[in-house]
Amino acid sequence: MADIPRYMRDVIPPESERFAEVERIGASIVELAGYRRIITPMFENTDTFTRGVGESTDIVNKEMYTFDDRSGHSLTLRPEGTAPVVRSIVTNHLDQGGLPVKLYYSAPMFRYEKPQKGRYRQHHQIGIEAIGSEDPALDVEVLATGWNVLAACGVEATLLLNSMGHPGEDCRKRYQPALKEFLEGYREQLDADCKRRMDQNPLRVFDCKVPADQAILANAPLLEDFLCASCREHLGDVQRGLKELGIPYTMAPRLVRGFDYYTRTTFEYQSAALDAAQNAVGGGGRYDGLVESLGGPGLPGIGFGLGIERIRLAQEAAGVQLPSHEVTVLVVPVGAEEKDAATSLLWSLRAAGVRSDTTYSERSLKAQLKHANRIGARLVAIIGANERAAGTCTLRRMDSGEQTELSVSDAVARAAEEQAR
RNA sequence: GUGGCGUUAGCUCAGGUGGUUAGAGCGUCGGGUUGUGGUCCCGAAGGCCGGGGGUUCGAGUCCCCUACGCCACCCCA
């Protein structure tokens, strides 16, 4: 038997339709805010991610799908959406078309990690990126847009907000030694993982979930107390903007996200409907140095990514119903003589926008009705000798069993009505 | 990468202490007289018991290896 590659999954109906519905909702919301779709390659040169995402991140360290092509170029399947978009802006000089540049994507991401519930080697994100302005109002727009996408999907989220400051001597660079000094005092009490983090990237110790370590960290100095005046002001403006829009948020001074490029505003959307292990349905932040580090002009930027699979999980947990795409009408010719009339009706239905199908068989009426039931058709249009002679069809409702003989045009109109309900 | 649990029909699963032709429910297909499904009744098809090796007169069952899956840790969407 032909097998799917290890750890990969097919998304099949009806889940595939619900998945696509989330994509549609997301696209329509971000387009309302002026974001335009960008489609970048599924893989990039490896250094786009090593330089963009950062050497100290787990994604670059152990989760990249990296391979050499036939001419020896090192390529990497996209593990996240921001670096490729920024790279494309640089490649195509999109910063020349008026700032900020506002783009969105809906695309698969690949991470070489062991799958579990809500975590897959290939997952999908819809995300936006706004490049070329450091106006806190733009931060607010991005946060609010992500919030709106989740709300439109029926996902109740908690918005966690933090500021990473900027990497200057008067800001984050001043904090790191303070944090490190604090941690050194507890070095032997921290578990192995945390010790590693404290040497590689001290901020990441806040990710630690070991209770004993958390107790120590509760007294650690916080970045928010080291922010420079301008980062502090920026954060204050973002908070005011969110309040203005009535979007609730929670300050999370220990929130550290998985990419090195974040500066100032960072945030995460968490779903209360999901277990804590995978409750992040999305996240993002500002990346004021990323464009330049990928060889472009010194432009600031901010964006978010939302996980479609996580949104689906949250929807399921919350009992959110999404429309399904079963055929509305199954056209059923009673005998071979009615097949032409059936085909004609079928295409009239389709021309009117009614999802419709026929059985492509000469099975008994009984068997065809059974098929209609099986595929979830709401209506059946039966054409037998009588209807053929009269130029009509018998429209049967599958839920109630009631049926009426109608002209073709009336049947099409009735079916269109039914589909719209 | 590490750990726990699992793998028998299309799906969900039974198959004490090894013992004849491996079962159920659901699903699929067909039938229960003319052109009426979803309920009910009857019938049929469908299984290298994940793969390999070992113990044994005999292995779905016990042992080892391996592949794959799920869940969890790390981290994230």
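Heavy atoms only: backbone and side chains are in, while hydrogens, waters and symmetry mates are out. This structure is a prediction, so every number in the text was calculated from the model and none was measured.
- The residue Phe259(A) sits close only to the backbone: its heavy atoms come under 4.0 Å of sugar-phosphate atoms, none of a base.
- In summary, Arg421(A) and Glu417(A) do not engage in a salt bridge, as defined by a charged side-chain N under 4.0 Å from a carboxylate O.
- When the side-chain nitrogen and oxygen atoms of Arg6(A) are compared with OP1 and OP2 of rA67(B), none of them lie within a distance under 4.0 Å.
- Positionally, the nearest nucleotide of RNA chain B for Met8(A) lies more toward the 5' end than for the other of Met8(A) and Arg257(A).
- Distance Arg121(A) CZ to rC68(B) C1': 13 Å, rounded to the nearest Å.
- Nucleotide rG69(B) holds its C1' atom 15 Å from the CG atom of Asp10(A), rounded to whole Å.
- As a whole-Å value, the separation of Phe19(A) CZ from rA77(B) P is 16 Å.
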Under 3.5 Å for both distances, Watson-Crick or G-U wobble, that's the pair rule; now give the dot-bracket for RNA chain B, with | marking pairs to another strand and [ ] for crossing ones.
-> (((((((..((((.....[...)))).(((((.......))))).....(((((..]....))))))))))))....

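- Below 30°, between 30° and 60°, or above 60°: for Phe259(A) and Tyr261(A) the angle between ring planes is below 30°, a parallel geometry.
- Residue contacts shown for Gln368(A) are absent, as no nucleic acid heavy atom lies under 4.0 Å away.
- Proximity of Gln116(A) to the phosphate of rC73(B): a side-chain N or O atom is located under 4.0 Å from OP1 or OP2.
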Annotated protein contacts, base or backbone, on nucleotides 28-40 of chain B with a non-hydrogen cut-off under 4.0 Å, one of B, S, - each = S-S----BBBB--

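- In this structure, Asp58(A) atom CG and rC73(B) atom C1' are separated by 12 Å, rounded to whole Å.
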